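Since this is a predicted model, take the numbers as computed values, not measurements. Values below: every heavy atom of this structure, side chains too, minus hydrogens, waters and symmetry copies.
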Amino acid sequence: MAGEGSTFRLRCSLLGHGQDVRGLTRGLFPEDSFVSVSRDRTARLWAPDGLNRGFTEMHCMSGHSNFVSCVCIIPPSDLYPRGLIATGGNDHNICIFTVDNSAPLYVLKGHKNTVCSLSSGKFGTLLSGSWDTTAKVWLNDRCMMTLQGHTAAIWAVKILPEQGLMLTGSADKTIKLWKAGRCERTFTGHEDCVRGLAILSEMEFLSCANDASVRRWLISGECLQVYYGHTNYIYSISVFPRCKDFVTTGEDRSLRIWKQGECAQTIRLPAQSVWCCCVLDNGDIVVGASDGIIRVFTESLERTASAEEIQAFENELAQASIDPKTGDLGDINADDLPGREHLKDPGTRDGQTRLIKDNGKVEAYQWSVSEGRWIKIGDVVGSSGATQQTSGKVLFEGKEYDYVFTIDVNENGPSYKLPYNITDDPWLTAYNFLQKNDLNPMFLDQVAKFIMDNTKGQTLFSTSNQFSDPFTGAGRYVPGSSSGSSAIPGADPFTGAGRYVPGSASNTVPSVGGVDPFTGMDAYQSAAAKAENIYFPKKDAVTFDQANPTQILGKLKELNGSAAEEHKLTEDDLIILEKLLSATCNTSTETPTAQQLQTLWRAINWPEDIVFPALDILRLSVRHPTVNENFCSEKEHVQFIILLLKFLNPKGKQANQLLALRALCNCFVSHAGQKLMMEQRDEIMTQAIETKSGNNKNIHIALATLTLNYAVCLHKVNNVEGKAQCLSVISTVMEVVQDLEAIFRLLVALGTLISDDTNAVQLAKSLGVDSQIKKYASVSEPAKVKECCRFVLNLL
């Protein structure tokens with residue numbers, strides 16, 4: 001930024017858009033360019049013209065079927081060295097453009113309502129926020145994960161510099177910090193809808209809101225400062241390069257420049273809603289407003305507009321009408337106002353407003369410190385009539401509408417709110433309104449006519465807007481629908497207490513020690529040949545097979561003795577379970593019977609404090625194809641999964657958590673089990689990850705093994721959202737796990753997921769997994785951790 005005390009003045013006004021300019025972003029190519037988007041459904045790329053102080057429209061992009069509300073630049077990649085332009089719209093879509101083509105390269109579909117905010121990160125990731133209350137993480141042309149937790153529209157999103165961290169701001173008045181797809185923290189303090197976010201550093205960010213305040217936060221959750229200055233909604237906030245100064249725009253017709261925490265300058269505009277702003281690399285400020293004009297302001301004298309242009313801008317401002325109802329000028333009583341002589345006294349601060357009465361007319365002036373004079377900013381007029389056609393700024397349930405009508409159906413009954421956009425079909429809106437409020441359909445003609453009369457028949461274009469209820473209230477991340485799995489052959493039976501060495505299919509553990517042949521992080525040549533990666537991609541599920549049937553039955557009998565009468569098993573029941581154990585632990589050739597399975601089902605429904613030996617029998621039995629088919633088949637699986645998930649409650653007994661996790665791992669040995677595990681993946685993983693909070697290393701190993709078994713299945717099917725969830729779990733669990741066997745299994749899972757999949761590699765990088773695992777490349781014992789880690793790092 002330029003020196004102290006310098007003032008921003010108009011550089012140029014750009015005409016081109018036919019309606020409100022709703023979004024702006026600094027461009028990467030050409031230099032000092034920017035992109036604007038508008039309610040006229042277009043995006044435009046502007047570049048400085050070399051000769052004078054203006055900008056030229058390079059090209060106009062179209063692809064949305066409704067208003068375009070936000071824009072961001074996706075950084076350059078090998079494939080697109082000039083970067084890409086992403087735009088979000090009221091048609092629920094995101095269009096991706098190259099910098100030299102007016103038609104989209106591709107369109108991202110998935111949101112169920114207006115996409116109103118976009119932010120790009122490293123490795124091609126894109127974060128979108130929508131009125132459907134969700135944010136989505138995209139990689140190239142695929143949705144990788146959905147962030148759920150807000151209870152109202154998400155108006156603002158930002159990807160933080162530290163990998164894997166994301167911010168969302170919502171009409172529910174909160175800001176949430178997400179890491180690897182999970183909400184880590186919720187920031188509360190704003191008293192109304194959060195509209196904008198801006199990043200100051202890895203540790204700090206700013207937010208602005210409809211409560212007319214700006215807040216500065218630490219990502220640890222602390223609010224460091226609150227800035228006041230605006231008198232109405234603040235729509236957008238942008239930071240100057242290489243410092244902590246920033247600019248804001250809002251519904252009070254102003255652009256405000258903040259330096260060292262103070263509002264240093266206020267620039268009024270001849271438009272009610274100043275929707276958006278961005279700061280160029282040279283420090284110039286670009287703003288877009290409801291009059292469809294883009295204006296650029298500069299501190300540089302050589303880039304300042306001519307005296308004639310500045311005079312024309314001031315004349316336009318002086319002729320603007322200010323509606324006193326907006327509250328921008330405080331309570332106005334025209335009879336008490338002084339005359340023109342009041343303007344002889346200088347103002348006390350920049351941006352101070354003063355109202356005078358001249359020939360019965362109320363005029364508004366603003367003090368300019370740099371010019372030492374009062375500048376007229378408009379005439380204050382009476383109410384602007386009964387309509388609320390104020391370029392779509394009426395908020396209802398956290399969303400914007402052109403109108404929000406109050407409908408009284410009968411004199412004594414309640415009144416209902418009816419939100420309406422001029423792009424909506426009045427009949428469909430009326431029908432949805434009656435349905436939603438359970439009102440008599442005979443009012444349809446009346447309500448539709450009311451809408452048309454009160455909007456003077458204004459309709460722009462007919463589009464189908466779904467009025468689905470956006471409030472899901474889900475407080476966790478749901479990465480799309482789960483897909484079925486393909487058939488995967490049964491697992492190798494690994495030996496030891498759940499320890500295993502991948503690549504070996506026998507019951508003997510080959511030694512993977514010996515001389516460490518690595519000479520560095522990258523590929524190396526040993527005397528014999530290149531080291532072979534025996535760790536991943538893992539082809540088969542890993543199971544927990546170690547058993548001592550005598551001990552398990554002994555414990556079962558002991559606890560049965562103290563069980564309440566309604567739970568007690570008879571002597572015959574115990575003999576039946578003994579036979580089941582010998583049938584499933586390969587000590588007999590008999591096939592488990594229906595009677596044995598019914599008895600086992602009764603036992604695993606024992607009270608929580610005594611159920612663990614029964615869970616252990618289940619863990620061993622479910623490896624048998626007959627048992628697997630029985631519990632995991634279409635008929636039984638719902639109760640079976642509900643029961644196991646109940647035991648994963650982190651407040652429950654650790655023995656039950658451990659054995660339930662091991663039983664879930666062992667379900668993967670047969671086709672029926674794999675199919676069930678993949679169908680219920682989202683529920684199971686969401687519940688299982690909660691067991692990370694304890695510090696029990698056996699639970700951590702079982703959790704890592706479950707993740708690994710999912711990775712094995714996902715490696716064989718192209719389920720992007722499944723892989724994204726699995727990567728998110730690996731990243732989250734890596735943070736807390738200490739045990740190296742658990743770490744090893746997570747590394748094998750990671751390697752398996754990203755093998756032969758460039759999308760998964762990019763997503764893993766964007767979550768910062770590479771920096772999480774680097775420390776394991778230097779572990780000396782066991783050698784397999786170091787070796788596996790280095791193979792994974794080679795892929796990243």
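- How far OG of Ser119 is from CG of Leu127: 6.0 Å, rounded to the nearest 0.5 Å.
- Listed for the Arg39 side chain is no donor-acceptor partner under 3.5 Å among the backbone atoms of Phe67.
- Between the side chain of Arg215 and the backbone N or O of Gly189, at least one donor-acceptor pair lies under 3.5 Å.
- Arg195 and Asp192 are not joined by a salt bridge, as no carboxylate oxygen comes within less than 4.0 angstrom of a charged side-chain nitrogen.
- Remark: the backbone N or O of Gly339 is paired with a side-chain donor or acceptor of Glu341 at under 3.5 angstrom.
- Using modelled atom types, one side-chain atom of Arg253 and one backbone atom of Ile377 make a donor-acceptor pair closer than 3.5 Å.
- Using modelled atom types, one side-chain atom of Arg11 and one backbone atom of Arg53 make a donor-acceptor pair closer than 3.5 Å.
- Listed by chain and number, the residues in a side-chain contact (heavy atoms from CB on, under 4.5 Å) with Lys417 are Phe396, Val404, Thr406 (sequence neighbours excluded).
- With rounding to the nearest 0.5 Å, the separation of NE2 in His64 from OG in Ser69 is 7.5 Å.
- Using modelled atom types, one side-chain atom of Asp40 and one backbone atom of Gly18 make a donor-acceptor pair closer than 3.5 Å.
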- Task: Let me see the working for Thr42 and Arg44 under side-chain hydrogen bond (donor to acceptor under 3.5 Å, both in side chains), right down to the final yes or no.
- Result: CA-CA 7 Å; Thr42 67; Arg44 295 166 198 251; 3.2 Å; yes
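- No side-chain heavy atom of Ser128 sits less than 4.5 Å from a side-chain heavy atom of Val157.
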- For the pair Tyr365 and Arg373, evaluate side-chain hydrogen bond (donor to acceptor under 3.5 Å, both in side chains) and give the outcome as yes or no after the intermediate values. CA-CA 10 Å; Tyr365 286 80; Arg373 66 188 178 103; over 6 Å; no
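- Remark: Asn359 CG is loosely packed, at most 12 non-hydrogen atoms of other residues, nucleotides or ligands lying under 6.0 Å away.
- Counting only heavy atoms from C-beta outward, the side chains of Pro426 and Tyr420 approach each other to under 4.5 Å.
- No donor-acceptor distance shorter than 3.5 angstrom exists from the side chain of Ser117 to the backbone of Gly129, with no hydrogens or angles considered.
- Side-chain atoms of Ser170 come within 3.5 Å of backbone atoms of Ala152 as a donor-acceptor pair (strictly under, hydrogens ignored).
- Classified by interplanar angle (parallel below 30°, tilted 30° to 60°, perpendicular above 60°), the ring pair Trp131/Tyr401 is tilted.
- Atoms CD1 and CG, on Ile73 and Leu28 in that order, are 5.5 Å from each other to the nearest 0.5 Å.
- For the 3.5 Å distance criterion, the side chains of Gln319 and Asn315 fail to qualify, holding no donor opposite an acceptor.
- Under the 3.5 Å distance criterion, with hydrogens and angles disregarded, a donor-acceptor pair is assigned to the side chains of Ser273 and Glu251.
- Side-chain atoms of Glu204 never come within 3.5 Å of backbone atoms of Leu200 as a donor-acceptor pair (strictly under, hydrogens ignored).
- The environment of Glu31 atom CD is sparse: at most 12 non-hydrogen atoms of other residues, nucleotides or ligands sit within 6.0 angstrom.
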